[in-house]
Amino acid sequence: MLWQLLSGSAYCMAGDCERSIGQFDLAEDSYIAHDARSVFAVGGEGAWAMLTNDKAFEYDGGGEDRVFTCFYKAIQYAACGDATAARAEFNRAAMHQENWIDERKNYIAAAEERLNSEASKKSKENGDNTDVSSSTARILTDKSFCDKINSECKFNPFLSGDLETLTAADYVNPYVQHATGVFRWLNGDGDAQYYFRDVKDIVANSTAIKDFDESRGGHRPQEQVWIYAEDGLCAVRDEWRLDLPLILVPYAQKYVMYAGMALPRLKNRELGAQKWTVFAGGKLHDLEILADVDKLLKTEYDVYMRGALKREITRTLVKIGGQVALGILAEHALNKKDNKQYWIYKASQASAAAWALATTGADVRSWTSLPKCVRMTRIMRPSDGKVVVSADSERIEIYVPSGNTMLFLRKPSPTANTSVIKVTYPD
């Protein structure tokens, strides 16, 4: 799925609508399969898959993955003149935003169910009688450990990622909502004001406020141009390794050879341009921030981490349990002066530690070609149709035909050329 999402983005920037839609369709086939049965149920079929790391399972795709998949398909269909297909995809993007919380709850529940099952089985196999769930809970309430997580990952185990406390501003994408509202307004669908209302409740954007007021008043746009600029590349995940605080685990300090764990961190990336302006009809216009995609992805990261942190601690405790059990057996053999059995247990203990090290890793997969943020403005179409967009030193000349037009610009990095998708509807 991840390959298909990245390919779809690349074809989209290259202006190849057909191949872009094809790749996103394939990604959606995977979404549908995952909705029918959790990736935690079908993925990583090998024994103790959950106790290695989350990379043992297929990439599931978060809320923004699904939203942007439908949204980018909608733009491509609109650019190709298929308003019916575009409308369907805009509607599906909005649906994914509405269903996001329920989708995340199902994901978390499925992960916890398999984790509990495999952790219990593995502990019994190891001969470890430690109550793993109690030990996990104790570690998650240790302030010094949680402070370290918060410092490195900007994730507060006590507060971050709680689905019950999130508001629409935390997970609703105002870029998608606004563009959907404009599309429906220009195609006479009659409910554009509700999409604009959602946007103005989330972000203080003057264009969104103006669009809401005019659409609610029954005004019909004429010779208007909406310009969206997808700026930069979104935050990516990298791996951070740390040791579990063994002082919180009974007997662990004496017998454990390796107690490492790995968690993903978000790493921010640069903007494509520091300054965006539009020159048209003798006037200069600035582009305002419409959506902070990094913020949306931070919400998804926090929700993911709420389960991932617990999973990683549980995995580490189970791996520690095997080492402890073998260490105790080795000590007993030594006390009995059974050197042969002692070295057999010590070798097994070292193997268990090596397996723990080899299977420790953070799942850093994500759709890395999404934008960092989105800027937007609305202007009157100039009489000569000439619109010049400047992104720092880059100058992009665009001819806008008569009618109402939506321009979608994309500049992933300072050195990349800006791509343009144009969608025009008659007044």
[X] bridged to [Y] by N-O distance under 4.0 Å:
X	Y	value
Glu300	Lys295	no
Arg19	Asp16	yes
Asp302	Lys298	yes
Asp25	Lys73	yes
Glu397	Arg395	yes
Glu394	Lys411	yes
Lys200	Asp211	no
Glu89	Arg87	no
Asp238	Lys267	no

Legend entry - Where Trp226 and Pro221 come nearest, the two heavy atoms and their spacing: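 Here Trp226 and Pro221 meet closest at CH2-CB, 3.9 Å.
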
Inset, instruction - Search all heavy atoms of Leu5 against all heavy atoms of Phe24 and return the closest pair with its distance. - result: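 Taking Leu5 first and Phe24 second, the nearest heavy atoms are O-CE2, 3.7 Å.
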
Taking [X] for the side chain and [Y] for the main chain, is one N or O donor matched with an acceptor at less than 3.5 Å?
X	Y	value
Lys386	Ala280	no
Arg410	Gly232	yes
Arg375	Leu290	no

Legend entry - Distance flag, aromatic centroids of Tyr195 and Phe212, threshold under 6.0 Å: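 No, the ring centres sit 6.0 Å or more apart.
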
Inset, instruction - Calculate, to the nearest 0.5 Å, the distance between atoms CZ and CD belonging to Arg92 and Glu28 respectively. - result: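 Arg92 CZ to Glu28 CD: 4.0 Å, rounded to 0.5 Å.
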
Legend entry - Reference residue Tyr59; test side chain to side chain donor-acceptor pair (under 3.5 Å); the match among Asp65, Asp54, Asp363: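 The single option meeting the side chain to side chain donor-acceptor pair (under 3.5 Å) with Tyr59 is Asp65.
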
Inset, instruction - Check step by step if side chain to side chain contact (heavy atoms under 4.5 Å, CB included) holds for Leu297 and Leu266. - result: CA-CA 9 Å; Leu297 295 181; Leu266 283 181; 5.5 Å; no

Inset, instruction - Check whether the side chains of Ser402 and Glu223 place a donor and an acceptor atom closer than 3.5 Å, and report yes or no. - result: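 Yes, side-chain donor-acceptor contact under 3.5 Å.
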
Legend entry - Verdict with supporting geometry, Thr167 and Asp170, side-chain hydrogen bond (donor to acceptor under 3.5 Å, both in side chains): CA-CA 5 Å; Thr167 66; Asp170 294 313; 3.2 Å; yes

